[in-house]
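Just so you know, these numbers come straight off a predicted model, no measurement behind them. Sequence lines set the chain letters: A, B, ... in the order given, protein chains first and strands last, and positions in each chain run from 1.
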Protein chains: 2
Amino acid sequence: MKIEAAVDRLAALAQETRLRIYRLLVEAGPEGLNAGAIAAALDIAPATLSFHLAHLSRSGLVTSRQESRFIFYAANFAAMDELIAYLTENCCQGQAVCWPRATAAVAAAAAPDAAGLIQSRKETP
Amino acid sequence: MKIEAAVDRLAALAQETRLRIYRLLVEAGPEGLNAGAIAAALDIAPATLSFHLAHLSRSGLVTSRQESRFIFYAANFAAMDELIAYLTENCCQGQAVCWPRATAAVAAAAAPDAAGLIQSRKETP
DNA sequence: CAAATATTTCGATAATTATGGAATGGTCGA
DNA sequence: TCGACCATTCCATAATTATCGAAATATTTG
């Protein structure tokens, strides 16, 4: 992943209105929501919403599809995967594992048996 | 985690100069690097670097400590953990696991035995 | 085709952010 | 305490971004 793409995705999320939209779409799952439903849920003016959805789409974090006269937007989970990988890669030159927590939480949701196998990093005072 | 804090951390990373600094610090590990070393590595003017380090520090993604007349900056791994958890939480209302990839990779590094237990999400055509 | 609905584009305004030169503030060694 | 060094703060300038009313575009229904 190139740094420009990472900056673009981070910038897409680094704004309260857009982050709200993104989290709503994560919660909605692969089906997504149409623009009107998003506007209603978050109370955003149409023009403003369109501006932000364009930003999220351009970054790749959100996909869109037309369905009759609605346009549905959905979170692109693979794009977030790539971003997280980019942000956590090459940690400590590969000599240590520095990111157990969020990882452990998601892994536990996927397969509870695995959670205990993931060790914690020592506290740094 | 409150949305304002998440926006703050994302904004801290959503800028090429700061993202370069952060990734350099991730690579450097818990010891960190002093400001001068960062400036030299990335060729950034002192005032500009200071501005960006302040932004990263304020967000919590980076910590600093004085050591003689140098100030060392280091990535705060726990803060990134929290951010990732915030971005991926409540996915699909908990009905599915949408983030296997990056998670599986990091989990595998932590505990290879656990990797196989994490199942994949179905493709959406 | 016309009316209704859903969303985007245009355009103007306000607010925020990035950059770096110059001056300032600590910390150390002689 | 002086001078050298490391880093920050101050300041002005340039650039980018967010907001939303109004107009335009696209799609379905009558």
Side-chain angles (χ1 to χ4, degrees), chain A residues 3-25 28 31-76, chain B residues 3-25 28 31-76:
Chain A
I3 192 165
E4 291 84 6
V7 167
D8 217 46
R9 289 182 190 177
L10 289 162
L13 297 170
Q15 207 278 338
E16 188 165 333
T17 303
R18 281 195 298 271
L19 185 52
R20 281 223 195 86
I21 294 169
Y22 180 76
R23 280 166 54 85
L24 181 67
L25 292 178
E31 305 299 306
L33 294 170
N34 64 65
I38 298 169
L42 303 179
D43 191 30
I44 304 172
T48 304
L49 177 63
S50 204
F51 170 80
H52 288 306
L53 285 173
H55 204 323
L56 285 164
S57 287
R58 189 170 52 78
S59 78
L61 283 170
V62 157
T63 60
S64 63
R65 66 178 198 281
Q66 184 119 21
E67 198 159 297
S68 112
R69 67 188 134 157
F70 302 87
I71 298 178
F72 279 74
Y73 289 87
N76 178 357
Chain B
I3 192 165
E4 291 83 6
V7 166
D8 217 46
R9 287 183 191 177
L10 288 161
L13 297 170
Q15 208 278 340
E16 188 164 331
T17 303
R18 281 195 299 270
L19 185 51
R20 282 225 195 84
I21 293 169
Y22 180 76
R23 281 167 52 86
L24 182 67
L25 292 178
E31 304 300 307
L33 294 170
N34 64 64
I38 299 169
L42 303 179
D43 192 29
I44 303 171
T48 303
L49 178 64
S50 205
F51 170 80
H52 289 307
L53 286 173
H55 203 322
L56 285 164
S57 287
R58 190 170 51 80
S59 78
L61 283 169
V62 157
T63 60
S64 64
R65 66 178 197 281
Q66 184 120 22
E67 198 158 297
S68 110
R69 61 187 138 155
F70 302 87
I71 297 179
F72 279 75
Y73 290 88
N76 178 358

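Residue-level contact check: B:T48 touches the bases, meaning some heavy atom is under 4.0 Å from a base atom. Here B:A35 lies in heavy-atom contact (under 4.0 Å) with sugar-phosphate atoms only.
Side-chain N/O atoms of A:N34 include none lying less than 4.0 angstrom from OP1 or OP2 on C:dA6. Here B:T17 does not reach the OP1 or OP2 of C:dA18: none of its side-chain N or O atoms lies under 4.0 Å away. Contact between the side-chain N/O atoms of B:R18 and the OP1/OP2 oxygens of C:dT17 is not found at any separation under 4.0 Å. One finds a side-chain N or O of B:S50 lying less than 4.0 angstrom from the OP1 or OP2 phosphate oxygen of D:dT8. Regarding contacts with the backbone of D:dC6, every side-chain N or O of B:Y73 stays at 4.0 angstrom or more from both OP1 and OP2.
Distance, B:L19 CG to C:dT17 C1': 17 Å, rounded to whole Å. The CZ-C1' distance, from A:R65 to C:dA6, rounds to 15 Å in whole Å. With rounding to whole Å, A:R58 atom CZ is found 16 Å from C:dT8 atom C1'. Rounding to whole angstrom units, NE2 of residue A:H52 and P of C:dT7 are separated by 16 Å. One can place CZ of A:F70 at 10 Å from P of D:dT28, the figure rounded to the nearest angstrom. Between the CD atom of B:Q66 and the C1' atom of D:dC5 there is a distance of 13 Å, given to the nearest Å. The distance from atom CZ of B:F51 to atom C1' of D:dA14 is 13 Å, rounded to the nearest whole Å. Between the CG atom of B:L53 and the P atom of C:dG20 there is a distance of 14 Å, given to the nearest Å.
Distances were taken from every side-chain heavy atom of B:R69 (C-beta onward) to each of D:dA22, D:dT28, D:dC6; the shortest belongs to D:dC6. Closest to the side chain of B:Q15, from the set C:dT19, D:dA18, C:dG20, is C:dT19. Checking C:dT19, D:dT19, C:dT8 against the side-chain heavy atoms of A:I71 singles out C:dT8 as nearest.
Under a cut-off of 6.0 angstrom, the local environment of CD in B:E31 is sparse, with at most 12 non-hydrogen atoms contributed by other residues, nucleotides or ligands.
Side-chain N or O atoms of A:R18 include none that pairs as donor or acceptor with a backbone N or O of A:H52 at under 3.5 Å. Checked by atom type and distance alone, the side chain of B:N76 pairs as donor or acceptor with a backbone atom of B:G60 at under 3.5 Å. With hydrogens and angles ignored, the 3.5 Å screen pairs no side-chain donor or acceptor of B:R65 with any backbone N or O of B:F72.
Closest non-hydrogen pair, A:L53 versus A:I38, comes out as CD2-CD1, 4.3 Å.
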